[in-house]
Amino acid sequence: MSYTITRNCISCQRCLSACPTGAIQTNGTAFWIAVNRCTQCKGSHGVPQCWAVCPTNEGCVPLTAGALTTNSDATADYWDSWFATYTSLLERLKASPQSSYWRRWFDAYSQSLKSLQAQYNPEVCAGGQGS
């Protein structure tokens with residue numbers, strides 16, 4: 001069984017380089033998965049890589065009879081769909097451990113900003129009132 005790209009795809013192209021078999025194809029506008037090349041990353045990865053890198057969380061799904069039905073199709077109520085998507089994304093974020101990369105980046109950025117402020121306005125950074 002292979003995966004298929006849904007209408008939730010935002011064309012970020014992350015899946016193109018993530019697919020180990022080169023099954024994801026594009027014509028510059030649309031994306032699709034070549035069924036004869038997709039292995040769902042079995043034997044090479046724990047989860048399908050197109051799904052793992054997809055920022056929409058539902059840009060690609062297993063190709064089954066119900067695969068083209070997404071959360072937004074399941075109900076006509078906008079808010080039910082919105083909360084279902086939000087809950088799904090939140091659970092996915094909680095499930096994956098976050099690296100300390102962004103904390104280190106923010107700390108380095110903050111230090112650079114403080115040094116620039118001190119360089120151009122030493123009175124404010126020293127605790128003075130300024131003019």
Side-chain angles (χ1 to χ4, degrees):
M1 177 183 354
S2 91
Y3 268 50
T4 185
I5 296 178
T6 68
R7 66 178 184 189
N8 290 340
C9 177
I10 59 172
S11 301
C12 69
Q13 300 184 8
R14 291 179 183 182
C15 56
L16 286 175
S17 60
C19 182
T21 61
I24 299 174
Q25 308 290 310
T26 183
N27 61 5
T29 307
F31 291 84
W32 65 92
I33 298 176
V35 177
N36 59 336
R37 297 180 99 185
C38 180
T39 62
Q40 290 186 321
C41 299
K42 291 191 179 179
S44 62
H45 296 86
V47 297
Q49 295 301 287
C50 58
W51 179 83
V53 299
C54 183
T56 67
N57 197 31
E58 293 179 344
C60 60
V61 294
L63 183 59
T64 62
L68 300 178
T69 302
T70 61
N71 284 344
S72 59
D73 293 335
T75 180
D77 184 14
Y78 171 81
W79 289 109
D80 284 344
S81 173
W82 188 90
F83 281 112
T85 301
Y86 172 79
T87 302
S88 173
L89 290 172
L90 188 62
E91 290 303 316
R92 184 172 176 190
L93 285 173
K94 287 180 180 178
S96 63
Q98 300 297 316
S99 69
S100 59
Y101 171 81
W102 289 111
R103 174 53 58 194
R104 289 192 315 267
W105 179 89
F106 181 77
D107 290 342
Y109 177 78
S110 298
Q111 291 302 320
S112 297
L113 192 58
K114 284 180 184 178
S115 69
L116 285 172
Q117 287 174 336
Q119 180 181 356
Y120 290 107
N121 198 354
E123 288 179 7
V124 172
C125 290
Q129 296 297 321
S131 47

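Everything numeric in this text was worked out from a predicted model, so none of it was measured. Excluded from the calculations below are hydrogen atoms, water molecules and symmetry mates; all remaining heavy atoms, backbone and side chain alike, are included.
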query: For the residue pair Tyr109 and Trp105, is the inter-centroid distance of their aromatic rings smaller than 6.0 Å?
result: yes
task: May I ask whether Leu16 and Ile5 are part of the same hydrophobic cluster, defined by side-chain heavy atoms of I, L, V, M, F, W, Y residues being less than 4.5 angstrom apart, directly or through others?
output: yes
Donor-acceptor pairs are to be reported for all side-chain atoms of residues 20-28 against protein atoms at under 3.5 Å, with residues two or more places apart or in another chain.
unit_1: Thr21; atom_1: OG1; unit_2: Arg37; atom_2: O; d: 3.1
unit_1: Gln25; atom_1: NE2; unit_2: Gly22; atom_2: O; d: 2.9
unit_1: Thr26; atom_1: OG1; unit_2: Gly28; atom_2: N; d: 3.0
unit_1: Thr26; atom_1: OG1; unit_2: Ala30; atom_2: O; d: 2.9
unit_1: Asn27; atom_1: OD1; unit_2: Thr29; atom_2: N; d: 2.9
unit_1: Asn27; atom_1: OD1; unit_2: Ala30; atom_2: N; d: 2.8

message: With clusters defined by side-chain heavy atoms of hydrophobic residues (ILVMFWY) lying less than 4.5 Å apart, directly or transitively, does Tyr101 cluster with Phe106?
response: yes
message: Working to the nearest 0.5 angstrom, can you tell me the gap between Trp32 CH2 and Cys9 SG?
response: 12.0 Å
statement: Thr56 and Ile10 have their tightest heavy-atom pair at CG2-CG2, 3.7 Å
Approximate separation, where rounding is to 0.5 Å, of Trp51 CH2 and Gln40 CD: 12.5 Å
